[in-house]
2 protein chains.
Amino acid sequence: MAKKPPRSNSSLTRPAHFKVERFFQALGDSTRLRLLNLMGDQELCVCYFVEILKQAQPKISRHLAYLRRAGVVEARREGKWMHYRITPPADAGAAELLRQTLAWLKQDRAMQADRARLGKACCTPAKFTALQAAPAPSAAARTRRRKAR
Amino acid sequence: MAKKPPRSNSSLTRPAHFKVERFFQALGDSTRLRLLNLMGDQELCVCYFVEILKQAQPKISRHLAYLRRAGVVEARREGKWMHYRITPPADAGAAELLRQTLAWLKQDRAMQADRARLGKACCTPAKFTALQAAPAPSAAARTRRRKAR
DNA sequence: AAAACATATCTGCTAAGGCGACTATATGAC
DNA sequence: GTCATATAGTCGCCTTAGCAGATATGTTTT
């Protein structure tokens, strides 16, 4: 609110407070792209990202914060577990660009390897010690997941 | 080539040396978005950018350098005049994303104002002192513009 | 040749990003 | 209540971005 305005002289905004520059900056890092690729159409909790990408948890957490700030993902707490999923950005144009970016990522070998690893983690959880107690990935839904299962 | 590899642990690359992160970073600045919006399907020389955007020439030049580095624009020198135009990035996915980004920018009021100003500069050059001697914007072409006119 | 013009690059500064390491916070198990 | 677990946030450092102002470089004009 009372923050210093962006240094660029005019900020491209569509829906109130949606920052196009932020959106692109959010996509300008390979770790964040890998996170988005893993989420895809699913909702994942943080420990999956840590396990699949083999990166330190604070690092993953920090990048997820960037993605939240850009309005590209949202978080849902379930007890001590934090679930993340991609959310269409507030701006329709950005939402379409994001959709297309994800389709593009799908074709990348390294991204495919990450997704394959996620598949393994889901099918053979015994091989992933850190994921033993973790909630399994689920289809991302727009509404709040109900407690009862 | 022998440069320090990017600090992120895996860099998403498709066609050799195309940097996806660079591509998105290039779009993550309002000045650069305005430059791209002005180019659109045309080839413009630097003084048009300076005049329409009312920004210092060194600043414009720096941002154009970022866009060149990202493989999003290319420059053509004609005597002392430098002409810039958007070029499809080496990666087909990025090219499509860029095309869509430009379509998206077209809808923005501020971007429309910039383009309107460019239109005026073309129709009534007398009102733009700095553009008196400048080559008029032309349709961007893939091949090198011939000298003879 | 020098001067003017167009443009790229550099400098020094500030701000932001990205990292590893560490710490704070919230929840659940005991 | 304490302890363990999951995760967000901070610190200090280093790198990169973005800026204004200055300067270097190439071309054209005089």
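In what follows, every chain begins at residue 1, and chains take the letters A, B, ... in the order their sequences are listed.
- Protein atom OH of A:Y66 is 20 Å distant from nucleotide atom P of D:dT7, rounded to whole Å.
- Of the candidate nucleotides C:dA8, D:dT7, D:dA17, D:dA17 has the atom nearest to the side chain of B:R69.
- A perpendicular orientation is assigned to the rings of B:F23 and A:W104, their planes being inclined by more than 60° (bins at 30° and 60°).
- Atom CZ in A:R34 sits roughly 15 Å away from atom C1' in C:dG18 (whole-Å rounding).
- Counting all heavy atoms, side chain and backbone alike, A:A121 lies closest to A:I52 at CB-CD1, 3.8 Å.
- Distance A:L44 CG to D:dT7 P: 11 Å, rounded to the nearest Å.
- Listed nucleotides: C:dG17, D:dT7, C:dT7. Nearest to the side chain of A:R22: C:dG17.
- Comparing A:R32 and B:Y84, the nucleotide of DNA chain C nearest to each residue sits closer to the 5' end for B:Y84.
- In terms of position along DNA chain D, the nucleotide closest to A:A134 lies nearer the 5' end than the nucleotide closest to the other residue of the pair A:A134 and A:Q25.
- Within the nucleic acid shown, A:F49 has no heavy atom closer than 4.0 Å to any nucleic acid atom.
- Rounded to whole Å, atom P of C:dA24 lies 20 Å from atom CE of A:M82.
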Would A:Y84 and A:R68 count as a side chain to side chain donor-acceptor pair (under 3.5 Å) if you check the C-alpha gap in whole Å, the side-chain angles of each, and the deciding distance to 0.1 Å? CA-CA 9 Å; A:Y84 279 85; A:R68 285 201 313 273; 2.7 Å; yes

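- Electrostatic pairing of B:R76 and B:E43 counts as a salt bridge here, judged by a charged N lying under 4.0 Å from a carboxylate O.
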For side chain to side chain donor-acceptor pair (under 3.5 Å), just list the numbers for A:R115 and A:Q112, CA-CA rounded to whole Å, side-chain angles, deciding distance to a tenth of an Å, and then say yes or no. CA-CA 5 Å; A:R115 291 180 79 109; A:Q112 287 170 352; over 6 Å; no

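- Rounded to an integer number of Å, the gap from CD of A:Q132 to P of C:dA29 is 16 Å.
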B/S/- along nucleotides 20-30 of chain D (protein heavy atoms under 4.0 Å) is SBB---BSS--

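- In this entry the distance linking CG of B:L131 with P of C:dT7 reads 10 Å, nearest Å.
- Partners of A:R62 by side-chain hydrogen bond (donor to acceptor under 3.5 Å, both in side chains), not counting sequence neighbours: none found.
- The side chain of B:H63 sits closest to D:dG18 out of C:dT7, D:dG18, D:dT7.
- Checking each of B:L36, B:L53, B:L33, B:T31 against B:H63 for a side-chain contact (heavy atoms from CB on, under 4.5 Å) leaves exactly one that passes, namely B:T31.
- Put simply, CZ on A:R62 is 18 Å from P on D:dC13, counting in whole angstrom units.
- As rounded to whole Å, 13 Å separates atom P of D:dT7 from atom CG of A:L35.
- In the set C:dG17, C:dC19, D:dG9, the nucleotide with an atom closest to the side chain of A:R68 is D:dG9.
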